[in-house]
Amino acid sequence: HQVCNHSSNSIWKELGVVMNLIVIATPLIEIPPSSYSGMEREAGFLAKGLRLRGHDVTLYAKTGSTAPLDCRLVEYDDEKDLSSLISEKNFDAAIDFTHEKYLSVAHPDWPVINNFQIMSLTGNGINPVFISHGQKKAKFPNTEGPIIYYGLDLDEYPFYDGARDGYLLFMGQVIREKRIEWACQVAIATNRRLKIYGPQWGPPEYTQLLRDYQEKHPDLIELNDSIGGQEKIDALSKAYALIHPVGGMGWAEAGAIVILEAMAVGTPIIGSDNGCIPEYLDVEPPVGFVCNSVQDMVGVVDLVRLVRPKDCRKRAEYFTMDRMSQAYERLAEEVANGKKWNI
């Protein structure tokens, strides 16, 4: 996909290709999210990006959300309500970020694009879009569908090239599949602080495992709940590196928005060889390290100081809200004209 500046909005209007589009977020987390979020944050970015490109956009989101710019907002609290809320086809295309894809099940002939950020196809599986090659290869190798990467509104992530506090940072779901115990082991082996932020959605015994690390190493391990806003930006900006050792129990990291967020503010990455992560990090000049074990991660910790923050920011500038929006814009036009795949 090629980058298209916001100044091109008028060109779309002159060509008469202004579409009436729907973006459907999950009803689980408000937009904009106050703390942890992946799917909802990206749905909000997409709605904003499509509106900036000159289209009429309606955002379906959890009650209490705020639509970006002058997008219309429809609030709802249960995915099952979607088919009744959208009972008439009064749009050119809908882009569905929900888990269960009720809209395309209720109306399989409608122009709906189903964005998949999870581990299995749900709904009727028509018109899927994936968010990385790694996700598709690991979980959907035989499924037809394009790949559209996450995109950030980089205005929300100011570049930081100042002094850092020297800690490792994990930010994401506190679940077994994220292998946060690896991050704990790296912190202990390198005598470097680790700050963990995220919703504790895993089984109690996994959270207890991390608490045990914290109790045994109180000067090194810090387990916290989710954070958002400026507190989140500060944590990302001041970190020595984001450590992202995901991949346990058959996990395939689909999008890892936190890696893009960290690079955007200039923070290097220590990541595993899982899902989308190599696609983000295998570049020159380096923005981080792809590792296969705790030993690998321990071995690269000192090398992180050689990564230049400006190179991290430059890499993040490839994954923009406008680039993502342009890709969905093109696909929405094709779907509005009758295109279907994986049927």
Side-chain angles (χ1 to χ4, degrees), residues 1-4 17 19-26 38-40 42-43 45-47 49-50 53 55 57 60 79 82-83 86 89 91-151 177 246-247 250-257 260 273-280 282 318-343:
H1 314 304
Q2 297 186 5
V3 175
C4 184
V17 193
M19 290 183 283
N20 181 7
L21 301 175
I22 290 176
V23 176
I24 309 172
T26 79
M39 300 173 75
E40 295 80 14
E42 286 301 316
F45 285 155
L46 179 58
L50 291 170
R53 295 188 65 79
H55 301 292
V57 180
Y60 284 72
E79 287 187 22
L82 279 172
S83 56
I86 313 175
K89 192 272 177 186
F91 53 88
D92 294 308
I95 304 165
D96 189 344
F97 278 75
T98 67
H99 287 90
E100 300 301 332
K101 316 302 180 189
Y102 281 105
L103 185 59
S104 63
V105 171
H107 304 284
D109 295 327
W110 283 7
V112 179
I113 299 168
N114 287 311
N115 173 283
F116 281 93
Q117 306 182 41
I118 52 179
M119 297 294 110
S120 61
L121 287 176
T122 53
N124 55 18
I126 294 175
N127 291 7
V129 168
F130 308 108
I131 58 175
S132 68
H133 291 277
Q135 176 205 24
K136 188 176 188 301
K137 180 179 178 181
K139 295 298 179 181
F140 309 101
N142 300 314
T143 303
E144 181 186 359
I147 292 161
I148 300 178
Y149 286 116
Y150 274 161
E177 291 82 355
V246 303
W251 188 264
E253 191 73 339
I257 187 175
L260 303 182
D273 183 10
N274 183 266
C276 66
I277 299 174
E279 295 166 60
Y280 292 169
D282 282 345
Y318 180 83
F319 301 93
T320 63
M321 175 179 69
D322 191 62
R323 183 184 291 268
M324 174 178 66
S325 301
Q326 182 178 356
Y328 275 106
E329 174 185 66
R330 291 173 174 171
L331 193 59
E333 187 173 4
E334 293 177 347
V335 169
N337 289 323
K339 181 175 180 177
K340 288 184 178 292
W341 60 94
N342 198 51
I343 55 177

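Values in this document were obtained by computation on a predicted structure and should not be read as measured data.
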Can you name the closest pair of heavy atoms from [X] and [Y] and give their distance?
X    : Y    : value
S325 : R53  : CB-CD, 3.9 Å
G275 : P278 : O-CD, 3.5 Å
L331 : P146 : CD2-CG, 4.0 Å
M19  : E329 : CE-O, 3.5 Å
G247 : N274 : CA-ND2, 3.5 Å
C276 : A254 : CB-O, 3.4 Å

Please name all residues satisfying side-chain contact (heavy atoms from CB on, under 4.5 Å) with A106, sequence neighbours left out, ordered by chain then number.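 Here the qualifying residues are S83.
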Among residues two or more places apart or on two chains, list those pairs meeting ring pair (Phe, Tyr, Trp, His ring centres under 6.0 Å) that have a residue in residues 106-131.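 Sorted pair list: F91-W110, H107-W110, F130-F140.
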In Å, rounded to the nearest 0.5 Å, how long is the span from CD of E144 to CG of N127?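 Interatomic distance, E144 CD to N127 CG, rounded to 0.5 Å: 9.0 Å.
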Nearest-0.5 Å distance, NZ of residue K89 to CG of residue D109: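 The distance works out to 11.5 Å.
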List in chain and number order the residues that pass salt bridge (Lys or Arg N to Asp or Glu O under 4.0 Å) with E42, two or more places apart in sequence or in another chain; answer none if no residue qualifies.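 E42: no salt bridge (Lys or Arg N to Asp or Glu O under 4.0 Å) contacts found.
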Not counting sequence neighbours, list each pair that qualifies as a side chain to side chain donor-acceptor pair (under 3.5 Å) and has a residue in residues 92-106.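 As it turns out, the side chain to side chain donor-acceptor pair (under 3.5 Å) pairs with a partner in residues 92-106, which skip direct neighbours, are D96-T98, S104-N114, S104-N124.
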Can you run down the side chain to side chain donor-acceptor pair (under 3.5 Å) pairs that involve residues 334-343, sequence neighbours left out, and say none if there aren't any?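 Applying side chain to side chain donor-acceptor pair (under 3.5 Å) to every pair that reaches into residues 334-343, excluding sequence neighbours, yields E334-K339.
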Determine whether N115 and L46 satisfy the following criterion, side-chain contact (heavy atoms from CB on, under 4.5 Å), listing intermediate values before the conclusion. CA-CA 12 Å; N115 173 283; L46 179 58; over 6 Å; no
Check whether any side-chain heavy atom of I22 lies under 4.5 Å from a side-chain heavy atom of L103, and answer yes or no.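 A side-chain contact is absent here, since even the closest heavy-atom pair is not under 4.5 Å.
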Do I86 and I24 have side-chain heavy atoms sitting under 4.5 Å apart?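 Of all side-chain heavy-atom pairs linking I24 with I86, at least one is under 4.5 Å.
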Could you list the residues that satisfy ring-ring contact (aromatic ring centres under 6.0 Å, His included) with Y280, not counting sequence neighbours?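 Scan of Y280 (ring-ring contact (aromatic ring centres under 6.0 Å, His included), adjacent residues dropped) gives F319.
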Please check this pair: side chain of Q117 against backbone of F97, looking for a donor-acceptor N/O pair closer than 3.5 Å.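 Checking the backbone N and O of F97 against the side chain of Q117, no donor-acceptor pair under 3.5 Å is found.
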Looking at K136 and T143, would you say the former's side chain and the latter's main chain have a donor-acceptor pair under 3.5 Å?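 Yes, the answer is positive, given that a donor and an acceptor are paired below the 3.5 Å cut-off.
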In sequence, state the C-alpha distance, the side-chain angles, and the governing distance for Y149 and H133, and then conclude on side-chain contact (heavy atoms from CB on, under 4.5 Å). CA-CA 9 Å; Y149 286 116; H133 291 277; 3.3 Å; yes
Test side chain to side chain donor-acceptor pair (under 3.5 Å) applied to E79 and T26, step by step: CA-CA 7 Å; E79 287 187 22; T26 79; 5.7 Å; no
Flag if over 12 foreign heavy atoms under 6.0 Å of NZ, K137: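 Incorrect, the count does not exceed 12.
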Between V23 and V57, is the side-chain contact (heavy atoms from CB on, under 4.5 Å) condition met? List the steps. CA-CA 7 Å; V23 176; V57 180; 4.2 Å; yes
